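Keep in mind that this is a model prediction, so the values were computed, not measured.
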Amino acid sequence: MTTEWPLRTDELPVLPPRSARQPAVSASIRPDSVCAVQEHLDNLIPALESLRSQTYHLAAWGEELARRLLRGQRLLAAGNGGSAAEAQHLTAELVGRFDGERVPFSAISLHAETSAVTAIANDYGFEELFARQVRAHGRSGDVLILLSTSGKSPNLLRAADVAAKLNVTTWALTGPGPNPLASRCDEAVTIDALSANAQEGHLIALHAVCRAFDAEVARRGRNISCPGSMP
């Protein structure tokens, strides 16, 4: 049968209230799968508690980042795998926007430039992947935030070492501490949780930093729209 579009509203199916619907596969869900999901969710609690204990630290990062970016400095960010995605999430929030309309700020994810990433890894080795980019982009007073659940990634450790020579401030966002990356950076927020849950905590931490960042930008009277931007 051929369906003509758009359908009239009187032809649309009537669904029962959401509370009355049941998963189509509910009878086949294994109890051990349910337990695995529940255990994963329960393991988020230590990550949240760890972050709550560092509330002032996260707020300080947001305020300091706002002050520096308002002065024209920039944020560099890097991570591997899932941590790369988290780092890129942060730079997108700053170049784009978090909640409200405001001016864009300079923030670069070092792993997102695919041609540079593959060229550097091919010519200099994966351990130099971020260090070489920090040499290229880093300026005195910039901030480099490095994300790693293990805190042991050699390419992040190399980047932190190079940043120190350039007077680029380094922040580490890691899993449980102490770890090499947290020790190598100027400041660190460590999340005492399993690796997957720590990585989920990283996103919460980054959003918390963005909250403080936007509050500081607004306080300084720079929460204005870009010229010609859409409302």
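Cluster annotation: Leu146 and Phe130 are assigned to the same hydrophobic cluster (Ile/Leu/Val/Met/Phe/Trp/Tyr, side-chain heavy-atom contacts under 4.5 Å, transitive). In the hydrophobic cluster analysis, where Ile, Leu, Val, Met, Phe, Trp and Tyr join through side-chain heavy atoms closer than 4.5 angstrom, Leu194 is grouped apart from Leu181. Under a hydrophobic-cluster definition in which Ile, Leu, Val, Met, Phe, Trp and Tyr are linked whenever side-chain heavy atoms come within less than 4.5 Å, directly or via other members, Leu70 and Leu65 are assigned to the same cluster. Side-chain heavy atoms closer than 4.5 Å link hydrophobic residues (I, L, V, M, F, W, Y) into clusters, and following such links, even through other members, never connects Ile108 to Ile145. A continuous path of ILVMFWY side-chain contacts below 4.5 Å connects Leu94 to Leu58, so both sit in one hydrophobic cluster.
A distance-only check finds no donor-acceptor pair linking the side chain of Arg132 to the backbone of Tyr124 [under 3.5 Å]. Checked by atom type and distance alone, the side chain of Asn179 never pairs as donor or acceptor with a backbone atom of Ser150 at under 3.5 Å. Panel note: side chain Thr169, backbone Val143; no donor-acceptor pair is recorded below 3.5 Å. Judged by distance alone, the side chain of Gln54 and the main-chain N or O of Ser50 form a donor-acceptor pair under 3.5 Å. Distance alone, capped at 3.5 Å, places no donor-acceptor pair between the Thr190 side chain and the Pro178 backbone. Judged by distance alone, with hydrogens and angles left aside, the side-chain atoms of Thr118 form a donor-acceptor pair with the main-chain N or O of Thr114 at under 3.5 Å. A donor-acceptor pair is defined here as one N or O able to donate and one able to accept, closer than 3.5 Å; no such pair exists between the side chain of Arg102 and the backbone of Arg97.
Between the side chains of His40 and Glu200, at least one donor N or O sits under 3.5 Å from an acceptor N or O. Side-chain polar atoms of Asn167 and Ser140 form a donor-acceptor pair below 3.5 angstrom.
Relative ring orientation between Trp171 and Trp61 is described as parallel, the plane-to-plane angle staying below 30° on a 0-90° scale split at 30° and 60°.
The shortest distance between side-chain heavy atoms of Glu93 and His207 falls below 4.5 Å. Counting heavy atoms from C-beta outward, Arg139 and Gln73 have side chains that stay 4.5 Å or more apart. Looking only at side-chain heavy atoms (C-beta outward), Arg184 and Thr170 stay at 4.5 Å or farther from each other. In this structure, Leu90 and Glu86 have side chains that are not in contact, with every pair of non-hydrogen atoms separated by 4.5 Å or more.
Closest approach of Lys152 and Leu157 over heavy atoms only: O-CD1, 4.0 Å. What you find for Phe105 and Val217 is that their closest heavy atoms are CZ-CG2, 4.0 Å. Gly175 approaches Ala198 most closely through the heavy-atom pair CA-CB, 4.1 Å. Scanning all heavy atoms of the two residues, the minimum distance from Gly82 to Gln199 falls at C-NE2, 3.5 Å. Closest approach of His202 and Thr174 over heavy atoms only: NE2-O, 3.1 Å. Taking all atoms of both residues into account, the shortest heavy-atom contact from Gly62 to Ala212 is CA-CB, 3.9 Å.
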Q: Evaluate the criterion side-chain contact (heavy atoms from CB on, under 4.5 Å) for residue pair Glu39 and Asn43; output intermediate values, then yes/no.
A: CA-CA 6 Å; Glu39 183 178 5; Asn43 285 334; 3.8 Å; yes
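Within the model, atoms CG of Asn197 and CD1 of Ile191 stand 10.0 Å from one another, a figure rounded to the nearest 0.5 Å. How far CG of Leu166 is from CG of Asp161: 11.0 Å, rounded to the nearest 0.5 Å. Separating the CD atom in Gln88 from the NE2 atom in His111 is a distance of 4.0 Å, to the nearest 0.5 Å. Rounding to the nearest 0.5 angstrom, the gap separating the CG atom in Leu48 from the CD1 atom in Ile204 is 4.5 Å. Here Arg68 contributes atom CZ and Arg71 contributes atom CZ; the two are 6.5 Å apart, rounded to the nearest 0.5 Å. In this structure, the separation between CZ on Phe126 and CG on Asn80 is 5.0 Å, given to the nearest 0.5 Å.
For Arg52, the CZ atom counts as loosely surrounded, since its 6.0 Å shell holds 12 or fewer non-hydrogen atoms of other residues, nucleotides or ligands.
For the pairing with Leu110, the side-chain contact (heavy atoms from CB on, under 4.5 Å) check across Leu129, Ile120, Leu144, Thr91 returns one residue only, Leu144.
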